[in-house]
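Structure record follows, encoded as structure tokens.
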Amino acid sequence: AQSVTQLGSHVSVSEGALVLLRCNYSSSVPPYLFWYVQYPNQGLQLLLKYTSAATLVKGINGFEAEFKKSETSFHLTKPSAHMSDAAEYFCAVSTDAGGTSYGKLTFGQGTILTVHP
Amino acid sequence: GAVVSQHPSWVICKSGTSVKIECRSLDFQATTMFWYRQFPKQSLMLMATSNEGSKATYEQGVEKDKFLINHASLTLSTLTVTSAHPEDSSLYICTATKGSMGQPQHFGDGTRLSIL
């Protein structure tokens with residue numbers, strides 16, 4: 001079984017400050033990890049993914065995440081927040097369950113990021 | 001990039017009505033499509049996995065006779081909510097993947113279903 005825990009349902013930062021959104025996962029097999037962003041009334045957009053290559057993954061809009069196996073973490077960071085980063089962020093894990101369950105995602109509860117001027 | 005289209009984007013209907021939602025991959029062949037449900041202020045929960053040409057695999061607690069899924073081609077999957085009730089009101093989101101390990105799922109924008 002796989003699960004994802006996002007610590008903090010709401011995170012608030014000032015514009016220009018560091019963004020840190022926390023994600024811990026549980027998986028019985030090597031995981032594939034994803035971060036998605038959801039703007040109001042829109043679908044999910046992929047920010048970045050970890051697929052067992054480099055542990056530091058760079059994504060779109062200046063975001064990056066580091067896979068730490070020893071900590072079972074995949075925290076999302078951005079050095080300098082922008083007003084346009086305000087959205088809800090979801091961490092997700094996928095494992096190869098084989099057969100017809102190939103690649104299904106388990107999502108965390110989501111973290112709403114607010115950026116203050 | 002890969003595009004997934006859902007139709008309709010918004011549905012309002014009376015209790016007891018059946019509603020069909022379409023999910024199309026516009027520029028790639030999707031061997032697998034997934035259907036998720038997102039209640040307000042909650043995360044996405046997987047409802048079922050749909051593979052082209054075979055029966056859908058439903059997650060525990062999801063009624064297969066209420067949520068009918070058909071994946072007749074590599075570019076189209078449909079979800080029919082039969083005899084919908086107010087508690088079925090939710091955002092229904094489909095995703096499509098080429099099926100290779102580690103390939104991200106491409107998301108539709110969702111269908112917001114409101115049952116009166």
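Quick note on labels: first sequence line is chain A, next is B, and so on, each numbered from 1.
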Point to revise | Parallel, tilted or perpendicular, as decided by the 30° and 60° cut-offs, for the rings of Phe74(A) and Tyr50(A) | key: tilted
Exercise for review: Taking heavy atoms only and a threshold strictly under 4.5 Å, list by residue number the residues of residues 76-84 of chain B that touch chain A; give 'none' if the list is empty.
Suggested key: none
Review point. By number, which residues in residues 109-116 of chain B have some heavy atom less than 4.5 Å away from chain A?
Key: Asp109(B), Arg112(B)
**Study point:** Step-by-step side-chain contact (heavy atoms from CB on, under 4.5 Å) determination, Val4(B) to Phe28(B)
**Key:** CA-CA 9 Å; Val4(B) 175; Phe28(B) 69 100; 4.1 Å; yes
Check your understanding: Picking from Gly108(B), Ser9(B), Ser43(B), which has the most non-hydrogen pairs under 4.5 angstrom with chain A?
Key -> Ser43(B)
**Study point:** Check: Glu88(A) and Gln38(A) side chains under 4.5 Å, non-hydrogen atoms
**Key:** yes
**Study point:** Sequence-distant partners of Lys58(A), salt bridge (Lys or Arg N to Asp or Glu O under 4.0 Å), two or more places apart
**Key:** Glu64(A)
Can you give me every donor-acceptor pair (side chain of residues 7-25 of chain A, partner residue at least two apart or in another chain, under 3.5 Å) with its distance?
residue: Ser12(A); atom: OG; partner: His116(A); partner atom: NE2; Å: 2.6
residue: Asn24(A); atom: ND2; partner: Glu71(A); partner atom: O; Å: 3.2
residue: Asn24(A); atom: ND2; partner: Thr72(A); partner atom: O; Å: 3.2

Revision key, fill the gap. Applying a strict 4.5 Å limit to non-hydrogen atoms, the region of Gln109(A) in contact with chain B is both
Exercise for review: Select one option (side chain, backbone, both, neither) describing which atoms of Gln6(B) are under 4.5 Å from chain A's heavy atoms.
Suggested key: neither
Point to revise | Heavy-atom closest contact (Ala96(B) atom, Met33(B) atom, distance) | key: CB-CG, 3.9 Å
Point to revise | Leu46(B), part contacting chain A, at a heavy-atom distance under 4.5 Å | key: side chain
Revision key, fill the gap. Gly110(A) and Gln6(A) have their tightest heavy-atom pair at N-OE1, 3.1 Å
Review point. Does the side chain of Ser94(A) come within less than 4.5 Å of Phe34(A)'s, by heavy atoms?
Key: yes
Check your understanding: Within 45° of the axis and under 6.0 Å from the centre of the six-membered ring of Phe63(A), does NZ or CZ of Lys78(A) qualify?
Key -> yes
Review point. Is Tyr89(A) linked to Leu44(A) within one hydrophobic cluster, defined over Ile, Leu, Val, Met, Phe, Trp and Tyr using a side-chain heavy-atom separation of less than 4.5 Å?
Key: no
Check your understanding: Are any of the side-chain nitrogens in Lys20(B) or Glu22(B) under 4.0 Å away from the carboxylate oxygens of its partner?
Key -> no
